[in-house]
Participant: 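One structure, as structure tokens, below. Some questions next.
Start at 1 and go down the list; that is how both ligands and their atoms are numbered.
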Amino acid sequence: ASTLKASAEAKGRYFGTALTRGDLGISAEVNLAAAQFDMVTPGNEMKWDATEPSRGSFNFGSGDQIVSFAQSHGMRVRGHNLVWHAQLPSWVSSLPLNQVQGVMENHITTEATHYKGKVYAWDVINEPYNEDGTLRQDVFYKAMGADYIANALRAAHAADPDAKLYINDYNIEGTNAKSNALYSLAQSLLSRGVPLHGIGFESHFIVGQIPSSLQANMQRFANLGLDVAITELDDRIPMPADSSELQQQGTDYGKVVNACLAVARCVGVSQWGVDDGHSWIPGTFPGYGAPMMWDSGYQPKPAYTAALNAL
Ligand code: XIL
């Protein structure tokens, strides 16, 4: 097949992208996205700072625009995200701790109800772990301890029983202290009947550094009865990128796609963006860039060819 989405669909998978409202105004970018991808994650528009900037005052306009774009192009949506320590308005992090659970559950219920039937999956919990495998001491943890995770999953499930509910994090792609801690948590949640359906492996990689345990690590989560997904793939290169690094990036993308295909419960791969010109990477990791399958002129790179050939 000649597109990522057609090839992924032939294997029972999806190939997704992240789009922001700003991206929707860039016709070359959205045309490419609509041609190649069948899943969309809103880059920022469903986060707490966008959806409930002040207490009880909800705004779903930007998220709705992403959903309409997706629907009109036959793409599904991964909701991202409901509970995260970042892009969290300060009114939440400064609440008296005895009000946090009610506010969190109201936020989840309101947002997941608004998007009920429109999202395939929710990243209910985003980036809960420190690198050493301890949970971040954010306002949710301070208020409820580790139970905030089960509480959030239960609220999301009550609001949208058909959505697949995920915990999503980075640096959990290989087997390490952080992924071991998440694995134990997943086992514990499932044994208690908490509605957890999937694990999202963000996969913000550096060229040449795909963890060798990626497939085995995804497989152990799948063996618990969970779906797994590559949710935010990019592969950054120290600037300027030379041709051997671009070839290595192709090798990397091929490895990631192959790892997903080798795990029956791996439902799909999403790249975090479309082209190098609109990626979040240069702004967040100074000195790095060129992390996408298309360059800033929307031309396919070796990574695109490698991903397509791997499918
Ligand atoms: C990023 C967005 O791409 C940026 O536009 C924003 O400034 C910061 O957040 N992990 C996640 C995503 O789960 O929500 C982040 O998205 C990238 C890291």
Side-chain angles (χ1 to χ4, degrees), residues 16-26 29-30 33 37 39-53 60 62-63 65-67 69-70 77-90 92-93 107-108 111 115 119-131 135-136 138 140 149 152-153 156 164-174 178-179 182 198-206 209 228-236 256 268-286 288-294 296:
T17 185
L19 294 173
T20 63
R21 197 179 46 161
D23 292 324
L24 297 185
I26 302 166
E29 185 181 2
V30 294
F37 298 110
M39 184 73 78
V40 177
T41 306
N44 289 308
E45 291 72 8
M46 292 186 185
K47 295 173 181 176
W48 199 314
D49 59 354
T51 54
E52 194 185 4
F60 296 117
S62 297
Q65 288 184 38
I66 306 284
V67 171
F69 171 82
V77 175
R78 295 192 79 261
H80 176 80
N81 55 62
L82 295 171
V83 178
W84 188 24
H85 75 277
Q87 291 178 271
L88 181 69
S90 56
V92 182
S93 40
H107 179 79
I108 292 168
E111 181 159 4
Y115 288 112
V119 297
Y120 159 73
W122 268 113
D123 290 328
V124 178
I125 304 292
N126 204 42
E127 303 185 346
Y129 280 105
N130 295 309
E131 295 304 294
L135 286 167
R136 290 179 194 265
D138 59 19
F140 307 107
I149 293 175
L153 289 162
K164 302 282 188 199
L165 305 184
Y166 277 67
I167 299 174
N168 186 55
D169 213 330
Y170 64 94
N171 289 353
I172 58 161
E173 295 81 13
K178 196 173 180 178
S179 65
L182 175 57
I199 302 295
F201 299 83
E202 290 187 11
S203 306
H204 297 293
F205 292 132
I206 298 171
Q209 298 183 33
V228 296
I230 302 289
T231 53
E232 304 184 11
L233 178 60
D234 46 33
D235 196 34
R236 61 189 185 266
V256 173
V269 176
S270 296
Q271 178 176 261
W272 199 247
V274 180
D275 64 288
D276 288 339
H278 299 97
S279 165
W280 74 305
I281 288 292
T284 305
F285 300 96
Y288 286 89
M292 300 276 97
M293 289 182 280
W294 288 270
S296 55

Participant: Should you measure from each heavy atom of Trp84, which atoms of ligand 1 turn up under 4.0 Å away?
Facilitator: 14 (O)

Participant: When you look at CZ of Arg21, are more than 12 heavy atoms from neighbouring residues, nucleotides or ligands closer to it than 6.0 Å?
Facilitator: no

Participant: Side chain, backbone, both or neither: which applies to Thr20 and ligand 1 if a contact is any heavy-atom pair less than 4.0 Å apart?
Facilitator: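 No part of Thr20 comes within reach of ligand 1.
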
Participant: Under 3.5 Å, is there a donor-acceptor pair between the side chain of Glu173 and the main chain of Asn171?
Facilitator: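 Yes, the answer is positive, given that a donor and an acceptor are paired below the 3.5 Å cut-off.
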
Participant: So is there a nitrogen or oxygen of Asn81 less than 3.5 Å from a nitrogen or oxygen in ligand 1?
Facilitator: no

Participant: For atom 2 (C) of ligand 1, what's the nearest protein heavy-atom neighbour? Residue, atom name and distance, please.
Facilitator: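 Checked against all protein heavy atoms, atom 2 (C) of ligand 1 sits closest to Asn44 OD1, 3.6 Å.
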
Participant: Just to be sure I read this right, does ligand 1 sit under 4.0 Å from the backbone of Asp123, its side chain, both, or neither, counting only heavy atoms?
Facilitator: neither

Participant: Should the pair His107 and Trp48 be assigned to parallel (<30°), tilted (30 to 60°) or perpendicular (>60°) ring geometry?
Facilitator: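 Judged by the thresholds at 30° and 60°, the geometry between His107 and Trp48 is parallel.
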
Participant: Side chain or backbone, does His80 bring an N or O within less than 3.5 Å of an N or O on ligand 1?
Facilitator: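 Indeed, backbone or side chain, His80 has an N or O that close.
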
Participant: Can you tell me if Thr20 and Asp23 form a side-chain donor-acceptor pair at under 3.5 Å?
Facilitator: yes

Participant: Please identify which atoms of ligand 1 are closer than 4.0 Å to at least one heavy atom of His204.
Facilitator: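 Those atoms are 18 (C).
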
Participant: Show the atoms of ligand 1 that are less than 4.0 angstrom away from any heavy atom in Glu127.
Facilitator: 10 (N), 11 (C), 13 (O), 18 (C)

Participant: Fit a plane to each ring of Phe285 and Tyr288, take the angle between them on a 0 to 90° scale, and name the class: parallel (under 30°), tilted (30 to 60°) or perpendicular (over 60°).
Facilitator: perpendicular

Participant: Heavy-atom distances under 4.0 Å are what count here, so tell me which part of Trp272 touches ligand 1: side chain, backbone, both or neither.
Facilitator: side chain

Participant: Can you give me the closest heavy-atom contact between Pro291 and Asp276, atom names plus distance?
Facilitator: N-OD1, 3.2 Å

Participant: Checking a contact table here: which protein heavy atom is nearest atom 15 (C) of ligand 1, and how many Å away?
Facilitator: Lys47 NZ, 3.8 Å

Participant: For atom 11 (C) of ligand 1, what's the nearest protein heavy-atom neighbour? Residue, atom name and distance, please.
Facilitator: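 Going atom by atom, the protein heavy atom closest to atom 11 (C) of ligand 1 ends up being Glu232 OE1, 3.0 Å.
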
Participant: Do Glu45 side-chain atoms and Ile66 backbone N/O form a donor-acceptor pair below 3.5 Å?
Facilitator: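 Checked: no pair found.
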
Participant: Distance to 0.1 Å, residue and atom name: give those for the protein heavy atom nearest to atom 8 (C) of ligand 1.
Facilitator: Gln87 OE1, 3.4 Å

Participant: If we ignore hydrogens and angles and just use 3.5 Å, is the side chain of Lys178 paired with the main-chain N or O of Tyr170 as donor and acceptor?
Facilitator: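 Looks like yes, one N/O pair under 3.5 Å.
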
